[in-house]
Amino acid sequence: METDFPVKVTLLPNKGRSFIATRAIQPQELVFVAEAFGTTMVEEKVRRTWMDSGARQQWKLKTEARRSSSEEVDVGVVGADTPLASSPSSSVAIAITATSTPQQHYSELIQQALAAADTKQRILQLNDTDLARFLDNTWSAFDGLIAEQESWIQYATTTTTTTSNNNSNNNQHDTPQHSHTQAQCEALFPKLAKLLLEGNNQATIAAKTSDDDCETIRLVSEVLYRRQLDLEEATSGTTTAVNGTKGGAQGRESTKAPATAPLTKEDGRLRGGQRATFEDYCAMQSNELVLFRQQVKADLDSQEDSDSDGEEQEEQELDVSQETQQQRHRSSRESKHETGITQWRKLLSIFPNHLFSCFYVYLRIRDAYLLLARENSSTTTSSTITPMPSNTQPQPVPPPSRRRQRPQITLTITSTLFRTILYREVANSFGIRDASDELLGFAVFPRACFFNHSCRPNILKKRRQGLGGGVAGHKSARARQMEYWSTRLIQEGEECCISYGDILAGVEERRARLEDMYFFLCSCPRCLEETREGEEEGE
Ligand SMILES: C[S@@+](CC[C@H](N)C(=O)[O-])C[C@H]1O[C@@H](n2cnc3c(N)ncnc32)[C@H](O)[C@@H]1O
């Protein structure tokens with residue numbers, strides 16, 4: 001069954017993409033139905049209702065959230081409860097890997113970032129292109145720093161596997177073997193968090209992942225799981241084309257893209273049974289740059305003397321670093337690492353706290369993936385580990401040969417993917433409330449994200465009620481859907497707008513809230529009228 005909706009996506013001046021009516025819409029008409037793609041639901045019970053039948057079989061993404069407290073915290077619903085690699089529903093083998101291959105050494109990337117901006121003020125002077133490059137370099141450096149640490153564990157696993165497979169007697173790394181691979185992996189997060197985040201005087205490494213961070217982890221996990229479904233579909237020759245790596249500077253340009261993808265492809269029609277895809281998710285506007293600038297500015301406003309503090313701290317760190325270097329004998333590789341870390345901390349000193357949260361969450365997810373990759377590979381390789389000799393370069397781990405016989409999808413988490421998911425959720429998700437108006441969490445509806453805001457909306461959004469049926473055809477699909485109803489007669493070609501929250505306040509207050517929370521100066525007819533009236537009264 002196909003469902004036609006009387007709206008299509010169009011590009012409007014100063015507003016980006018927007019839904020407009022393709023015909024006259026009567027009052028109280030159902031205009032659009034969208035399915036949640038990612039959610040941050042807190043309570044297990046609530047999340048169950050929101051998950052589709054496939055995702056209801058939970059598979060726990062293991063993170064260190066459980067390691068830092070006695071209680072086990074389920075931080076993500078990412079798919080079936082069987083391990084991904086052996087999902088019986090799929091003929092596609094899925095390898096989980098946590099690593100990326102940095103093109104440049106992290107110290108070069110850090111130097112490039114610092115050359116572009118080494119104070120908060122200079123960050124604010126960067127244009128969009130340069131700021132995008134600055135952030136890309138920073139995140140790639142972070143990837144490189146993490147990969148260096150992870151490679152020790154991976155290298156050790158490979159070495160052990162080689163040893164046991166070849167039964168070699170002359171192995172040059174003939175060191176005692178440990179049976180604590182899992183423990184070593186688990187110890188990685190606190191070590192990395194300390195090394196990479198604690199250099200900043202504002203950042204303290206939380207003993208336990210905060211609720212907010214757990215929500216972000218849930219969202220990212222669910223979106224990654226859904227991306228994986230898309231990849232499976234694409235590999236098995238079904239419909240969905242997947243853009244797996246939009247992000248960074250390229251992904252940010254999606255706001256300027258013509259209003260073709262994803263809905264005008266079908267001219268506003270949402271086919272029954274068709275779910276939103278990762279491609280739809282990527283088509284949403286990324287708000288990374290604007291959010292970052294806002295936070296840097298807020299930091300500067302609240303800490304007028306942050307620069308001098310930063311310089312003092314930097315000097316102290318350099319002293320400590322020099323002293324340490326004099327005291328110890330280091331190999332060239334180690335001192336390159338030491339220099340990299342010192343520069344990394346200098347870079348950190350100009351970042352707003354929010355970015356630390358993002359780094360922290362990314363680190364947790366990366367580490368969880370490392371554990372999963374470890375568990376995955378332990379079914380085919382030795383479970384023991386050999387420490388890596390300090391003068392040896394880490395080697396990439398080849399995928400287990402058993403899986404080469406089937407088409408293989410690699411489920412990766414890199415900073416590019418993480419940022420693609422994270423910064424599209426910002427200012428694009430809707431709060432989900434229960435009957436008593438309590439906020440349960442947030443959900444992203446990529447196919448509905450083209451509803452712009454108006455302080456005089458003609459569309460009202462409502463959660464779909466009840467179970468059963470639903471456009472997507474799943475039993476529980478309705479519970480994950482949002483409906484959009486017209487509140488009055490809408491003419492053909494008229495823009496269809498919802499309201500992004502409270503519209504009762506005066507024009508200045510309303511505009512300030514929208515600017516603060518959604519990063520735009522509202523140009524809806526009501527704001528324009530009221531601003532003009534205010535100016536006329538003032539004259
Ligand atoms: C959820 S998105 C809506 C779709 C968006 N126009 C796009 O092209 O992706 C929210 C963004 O749309 C723009 N927007 C929404 N309502 C607006 C309004 N009333 N005035 C100006 N810009 C608006 C702002 O850039 C805002 O951050």
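We count ligands from 1, going down the list as the structure has it; atoms in each ligand are counted the same way. Scope of the values below: all heavy atoms of this structure, side chains included, with no hydrogens, waters or symmetry mates. No experiment lies behind these values; they were computed from the predicted model shown.
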Open item on the list: Taking ring pair (Phe, Tyr, Trp, His ring centres under 6.0 Å) as the definition, give me every residue that meets it alongside Tyr518, ordered by chain and number, with sequence neighbours left out.
Closed with: Tyr500
TODO: Verify the distance criterion only: is there a donor paired with an acceptor across the side chains of Asp230 and Thr277 at less than 3.5 Å?
DONE: no
Open item on the list: I'd like the name of whichever of Asn287, Asn14, Leu12, Asn452 reaches closest to atom 14 (N) of ligand 1 through any heavy atom.
Closed with: Asn452
- [ ] Check Cys449 against ligand 1 and report side chain, backbone, both or neither, counting heavy atoms closer than 4.0 Å.
- [x] backbone
Open item on the list: Quick check on ring-ring contact (aromatic ring centres under 6.0 Å, His included): which of Phe142, Tyr362, Phe359 does Phe418 satisfy it with?
Closed with: Tyr362
Task: Under 4.0 Å to a heavy atom of Gly16 - the qualifying atoms of ligand 1, by number - done: 6 (N), 8 (O)
Task: Ligand-side contact atoms (ligand 1) for residue partner Tyr518, heavy atom cut-off under 4.0 Å - done: 27 (O)
Open item on the list: Is there a polar contact, in the sense of an N or O pair closer than 3.5 Å, between Tyr500 and ligand 1?
Closed with: no
- [ ] Say whether Leu514 and ligand 1 are in contact under the criterion: heavy-atom distance to a ligand atom below 4.0 Å.
- [x] no
Task: For atom 16 (N) of ligand 1, the option (of Arg424, Arg526, His453) bearing the nearest heavy atom - done: His453
Task: Ser486 side chain to Gln28 backbone, donor-acceptor under 3.5 Å - done: yes
Task: Between CG on residue Leu224 and CD1 on residue Ile217, distance to nearest 0.5 Å - done: 12.0 Å
Open item on the list: Show the atoms of ligand 1 that are less than 4.0 angstrom away from any heavy atom in Cys522.
Closed with: 19 (N), 20 (N)
Task: Salt-bridge present (Asp128, Arg293; N to O < 4.0 Å) - done: yes
- [ ] To the nearest 0.5 angstrom, please state how far the CG atom of Asp118 sits from the OG atom of Ser349.
- [x] 9.0 Å
- [ ] Report yes if some N/O of Ser454 lies less than 3.5 Å from some N/O of ligand 1; otherwise report no.
- [x] no
Task: With sequence neighbours excluded, residues passing salt bridge (Lys or Arg N to Asp or Glu O under 4.0 Å) with Glu508 - done: none
- [ ] Counting heavy atoms only, name the option from Met517, Gln285, Glu495 that's nearest to atom 27 (O) of ligand 1.
- [x] Gln285
- [ ] Could you list the atoms of ligand 1 found under 4.0 angstrom from a heavy atom of Asn428?
- [x] 1 (C), 2 (S)
